[in-house]
Structures are given as structure tokens and as C-alpha cells.
Amino acid sequence: MQATVSPRELSGAIPAISSKSVAHRLLILAALSPSVTTVGCNTTSRDIEATVSCLQALGARITRTSAGYRVVPLRGWSVSDNHPLATPDAVLDCGESGSTERFLLPIVAALGGGASIVGHGRLAERPLSPLYEELVSHGVELGPQGSFPLRVAGRLRPGRFLLPGNVSSQFVSGLLMAAPILGAPMEVAVTEPVQSMPYIALTTDALAMFGVDVAVSHEVIAGTPCTCYCTPSSRLASPGSCEVEGDWSNAAFWLAAGALSHEGVTVQGLNLASTQGDRVVLAALASFGARVARKGSAARVTLDAPHAASMDVSNFPDLVPPLAAVAAVCPGTSELRNAGRLRLKESDRLETVCAALRALGIEARTRGDDLLVTGGTPTGGVVDSANDHRIAMLAAVLATRATGPVTIQGAECTAKSYPAFWEDFARLGGTVSTREA
């Protein structure tokens with residue numbers, strides 16, 4: 001699908017969609033709990049549905065309701081040991097969701113039923129090391145990396161898992177969510193500094209909601225400082241019902257559009273005290289000179305005195321596309337540093353962000369793992385989304401300040417995280433027309 005956006009600033013108020021980061025975690029823990037859980041989730045997406053589909057393949061019964069999901073846990077609960085057993089030899093289709101694959105890989109290994117994991121797009125290229133090697137060293141048999149299907153057999157043994165802090169936090173989260181299945185204490189030691197720590201906090205918060213408290217300590221292991229996450233031997237306990245909070249990652253695009261708008265944009269239904277790392281978008285936009293206001297569960301951003309900024313984005317790499325859209329109209333050269341992990345997303349997101357900005361007449365380049373953007377006046381043009389939802393959203397936001405229409409190729413990719421993106425873009429006053437490519 002092609003979407004053509006005509007220049008027009010966005011304004012008004014929009015409700016936040018449900019956080020897919022939180023939804024993944026709550027749905028997985030609900031499926032592993034011993035009793036039915038209602039998960040409040042006001043919206044869905046391809047990534048969330050990929051997790052639902054995989055949990056159903058493992059034996060959970062998940063029903064979409066008007067308020068979210070009703071999750072009946074995996075079949076095979078034993079009264080004697082309270083232990084779930086997944087459907088043997090399940091096939092898990094993770095779509096293009098890296099979170100789904102990385103979360104469920106250790107969980108499947110802990111369940112011990114065996115499974116084959118498949119996926120699409122660039123998912124097979126996204127690395128699983130060193131999680132892969134740690135699983136193998138703890139009794140799991142895995143097929144070769146880099147292609148599908150990825151066969152999982154054997155059963156995960158508890159113990160100490162050691163991971164470097166500069167790899168995906170999803171590896172840590174997957175192990176922590178698998179731990180309660182094992183019925184024994186487990187430790188995940190992560191060498192410091194730990195990148196994307198807020199996403200690990202999302203996982204420990206979710207586990208606490210399901211009755212498992214993770215102890216966090218700092219130790220020196222083999223001469224290296226580590227942050228250690230220790231889980232007890234306690235099992236999960238369903239809270240009965242839980243709620244997926246609003247998504248800061250996708251709200252960031254509307255807030256960035258507000259930073260480009262004289263009238264501003266408000267996003268409602270956000271947890272202003274959330275542990276979601278992308279909540280830092282408000283401080284980041286303020287550093288670009290935007291006016292930021294917070295009230296209750298709403299955040300409002302308005303154009304004020306734009307200027308270039310420099311920041312380390314290693315703990316919030318998903319914010320690079322919306323922040324790059326703002327940097328593109330701020331006088332001076334902005335630096336978004338330590339964004340190397342973006343090279344392993346749905347696209348090489350450092351390069352595709354640059355390509356999108358350059359397609360609209362903005363000077364952008366990479367310097368190692370840093371993104372440098374020199375602000376100017378965006379022109380009309382054609383942007384290839386590279387099948388990356390966040391590139392399509394970046395182009396849409398920047399198009400609101402362009403001198404001519406912007407056509408976004410592959411615009412349907414926004415459905416990966418935000419199926420109603422284009423409808424909500426129009427609700428905020430955006431002018432967009434779509435047609436099948």
C-alpha cells in the first residue's frame with residue numbers, strides 16, 4: 001500500500017494504544033498461570049497476535065473480548081506439582097516479532113514439550129546468541145541459528161545464566177519468565193553496564209503482578225561487575241485480571257508530531273510513572289526545545305523553540321525514528337548516540353532512518369553507531385518504508401512539515417505495532433490518501 005501525506009500540522013488529542021511490550025509479557029504469564037486470567041488490552045497488533053497464536057499452539061485457549069483477552073492456561077496442569085506441560089511438538093509462528101521469538105524460546109525449553117519456531121521477514125537474521133549458547137549449556141537441544149524452522153528439544157535446567165549487558169534485554173526477560181516453570185531458583189547475571197534496563201523492569205513488574213518477586217543484586221563474577229536477577233522457586237499465581245497500560249513507544253510519534261505543531265498534540269491514557277523506557281520521550285523532546293506538559297494520565301507536546309540536541313539513546317533505541325523526525329527540523333546538527341542495536345530491527349534502522357530523511361531533503365548520516373541529523377526544511381518526496389513500521393511512522397510525522405506531498409511505500413507495515421495508525425493520523429487532522437501499490 002502507498003500512503004501519500006499532504007503537509008499539514010497535526011493537532012488535538014488521541015488515546016494511547018495498548019503497549020505491545022506489556023501485552024506480550026502479561027499474555028505469556030497468564031498462559032503459564034494455573035487459572036484463568038482476563039487481560040485488559042484495548043488494542044491489538046500483528047506482534048501481539050503472533051504471541052497469542054504461539055501460546056495457542058502451545059495449548060492455551062485465548063479468546064479476544066471487547067475489553068481484551070480471556071486466557072485459559074496451557075493444558076496439562078498436574079495437581080501434585082502444579083507444572084504445565086505444553087502441547088508436544090508445537091509449531092510456533094512468530095511472524096516478524098522478535099519479542100515473541102526471544103521470550104518464548106526459553107519458555108518452550110522450560111516446558112519441555114519440544115517445538116519448532118518459524119517466522120518471517122528479517123526475523124531469522126536477528127541474533128539469538130548468546131541466549132542460544134546459554135540454553136544449550138543448560139540442557140536444551142537447538143537447531144542451527146539463522147534459518148527456520150528452529151527446532152527446540154530437551155528440557156531447560158535451572159542454575160546461573162550469564163549474559164553480556166550489551167545484548168538484547170529480551171534474552172533476560174525470556175529467561176526470567178521461564179524461571180517459574182522450573183520450580184527451582186534461577187539466576188540471570190548480566191554484565192554491567194546493562195542496556196535497555198527499563199525493559200527488564202517491565203518483566204520484573206509483570207512477574208510481581210503474577211506473584212513472583214525477582215531479587216536484584218550486584219555481584220562481581222569472574223572479575224566482572226554484574227547485575228543479578230534471582231527468581232525464587234515459587235510458581236506463578238494468576239491475579240484474576242490485569243491491565244495493559246498505554247504504549248509510550250507508539251505515543252512517541254504523536255508527541256513528536258506535537259513538537260512540530262504550533263497547536264500541539266495530547267496523548268491520553270498514559271501511565272506517567274511507567275517503567276516503560278520510552279517514557280523518556282518527554283524529556284527527550286524537551287531537550288529539542290519542545291514545550292511539554294503532563295496532567296493526570298495525559299501528556300501534551302507543542303512546538304516552542306526548536307534547537308539541536310545530543311543524547312545517548314542506548315536505553316531507548318526505539319525512540320530514534322520519532323526523535324529523528326524532530327531533529328530534522330531543528331536548527332543545527334543533532335546527535336543520537338549509541339544506537340547500534342537498531343541495525344538488527346525489522347530493517348537496518350540506522351540506515352533506513354538516514355535514507356528516509358535524505359529522501360525528504362534532510363542531511364543525515366551515521367558515524368559508527370551514532371546518527372547525525374542536520375535540521376532543515378523537509379521537501380516532498382518518496383520514502384521506502386523498508387517494511388519497517390517505525391520508518392513509515394517517521395515519514396508520516398515529518399511529512400506534516402514538508403514543502404510538498406510525501407508518498408510512503410509499503411505503508412501497511414504500520415500494522416505490525418499499530419493497525420489503526422493511519423486512521424488516527426487522520427483523526428489528528430492529517431491529510432492522507434492511500435492506494436494499493
Side-chain angles (χ1 to χ4, degrees), residues 1-20 42-45 245-272 278-279 281-282 284-286 288-304 306 318-319 321-330 356 360 378 380 383 385 389-408 411-435:
M1 181 182 85
Q2 288 187 351
T4 299
V5 178
S6 298
R8 183 179 180 182
E9 292 181 7
L10 303 188
S11 63
I14 200 83
I17 64 171
S18 293
S19 166
K20 72 183 182 78
N42 65 9
T43 54
T44 189
S45 66
E245 66 184 35
D247 182 42
W248 280 96
S249 300
N250 280 309
F253 286 95
W254 304 134
L255 297 170
L260 305 181
S261 166
H262 290 82
E263 295 186 25
V265 173
T266 300
V267 181
Q268 303 161 330
L270 293 168
N271 177 3
L272 298 185
D278 288 350
R279 180 172 64 94
V281 65
L282 296 179
L285 292 173
F288 280 104
R291 186 184 309 136
V292 174
R294 306 165 178 84
K295 184 177 181 181
S297 62
R300 180 173 179 78
V301 178
T302 309
L303 174 70
D304 192 4
D318 283 345
L319 289 184
L323 294 180
V326 175
V329 299
C330 288
L360 301 182
V383 174
S385 71
H389 53 138
R390 301 199 192 278
I391 300 302
M393 294 179 195
L394 176 163
V397 168
L398 188 54
T400 65
R401 289 288 299 274
T403 58
V406 173
T407 296
I408 303 163
E412 70 279 3
C413 65
T414 56
K416 184 176 192 295
S417 64
Y418 198 157
F421 176 81
W422 295 111
E423 289 87 345
D424 285 353
F425 185 87
R427 286 176 64 185
L428 289 170
T431 303
V432 58
S433 61
T434 62
R435 69 179 182 86

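- Atom-to-atom distance recorded for Arg291:CZ and Leu285:CG is 13.5 Å, nearest 0.5 angstrom.
- Residues satisfying the side-chain contact (heavy atoms from CB on, under 4.5 Å) test with Val406, not counting sequence neighbours, are Leu360, Val383, Ala399, Ala402, Ile408.
- Here the closest non-hydrogen pair linking Pro322 and Ala252 is CB-O, 3.9 Å.
- How far CE of Met1 is from OG of Ser385: 9.5 Å, rounded to the nearest 0.5 Å.
- Ser249 has its side chain out of reach of Lys20: every pair of non-hydrogen atoms, C-beta onward, lies at least 4.5 Å apart.
- Shown here for Val5 and Ala396, the closest heavy-atom pair between the two residues is CG1-O, 4.3 Å.
- Side-chain contact between Leu10 and Val397 is absent, with no heavy atoms from C-beta onward closer than 4.5 Å.
- Heavy atoms from other residues, nucleotides or ligands lying under 6.0 Å from CZ of Arg8 number 12 at most.
- Not a single salt bridge (charged side-chain N to carboxylate O under 4.0 Å, His left out) links Arg294 to another residue, sequence neighbours left out.
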**side chain to side chain contact (heavy atoms under 4.5 Å, CB included) evaluation trace for Arg390 with Asn250** = CA-CA 9 Å; Arg390 301 199 192 278; Asn250 280 309; 3.7 Å; yes
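- Under the rule for a ring-ring contact (aromatic ring centres under 6.0 Å, His included), the partners of Phe425 that lie at least two apart in sequence or sit in another chain are Trp422.
- Of all heavy-atom pairs between Ala259 and Val326, the closest is CB-CG2, 4.1 Å.
- Taking both residues in full, the closest heavy atoms of Cys330 and Pro306 are given as SG-CB, 3.7 Å, listed atom of the first, atom of the second, then distance.
- Between Ala290 and Asp304, the shortest heavy-atom distance links the atoms C-CB, 4.2 Å.
- Side-chain contact between Arg427 and Pro15 is present, with heavy atoms from C-beta onward closer than 4.5 Å.
- Scanning both residues, Ala356 and Leu394, for their nearest heavy atoms gives CB-CD2, 4.2 Å.
- Without hydrogens or angle criteria, Gln268 side chain to Ala13 main chain gives no donor-acceptor distance under 3.5 Å.
- Side-chain polar atoms of Tyr418 and Asp247 form no donor-acceptor pair below 3.5 angstrom.
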**Asked** Step by step, would you call Thr414 with Met393 a side chain to side chain contact (heavy atoms under 4.5 Å, CB included)?
**Response** CA-CA 7 Å; Thr414 56; Met393 294 179 195; 4.0 Å; yes
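- Proximity of Thr4 to Ser433: side-chain heavy atoms (C-beta onward) are separated by under 4.5 Å at one or more points.
- For the atom pair Ser11 OG and His262 NE2, the distance stands at 12.0 Å (nearest 0.5 Å).
- Judged by distance alone, with hydrogens and angles left aside, the side-chain atoms of Trp248 form no donor-acceptor pair with the main-chain N or O of Ser19 at under 3.5 Å.
- Of the inter-residue distances, the one linking Leu303 atom CG with Leu260 atom CG reads 7.5 Å to the nearest 0.5 angstrom.
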**Message:** Working note: Thr44 + Ile17, criterion side chain to side chain contact (heavy atoms under 4.5 Å, CB included); need CA distance, chi angles, decisive distance, verdict.
**Reply:** CA-CA 8 Å; Thr44 189; Ile17 64 171; over 6 Å; no
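- Side chains of Val329 and Pro378 form a contact here, defined as non-hydrogen atoms less than 4.5 Å apart.
- Looking only at distances, a side-chain donor or acceptor of Arg279 sits under 3.5 Å from a matching main-chain atom of Leu272.
- The line from OG1 of Thr266 to CH2 of Trp254 is 13.5 Å long, rounded to the nearest 0.5 Å.
- Contact annotation: the side chain of Glu263 never approaches that of Glu9 to less than 4.5 Å [non-hydrogen atoms, C-beta and beyond].
- In terms of modelled atom types and a separation under 3.5 Å, the side chain of Thr43 and the main chain of Ser18 share a donor-acceptor contact.
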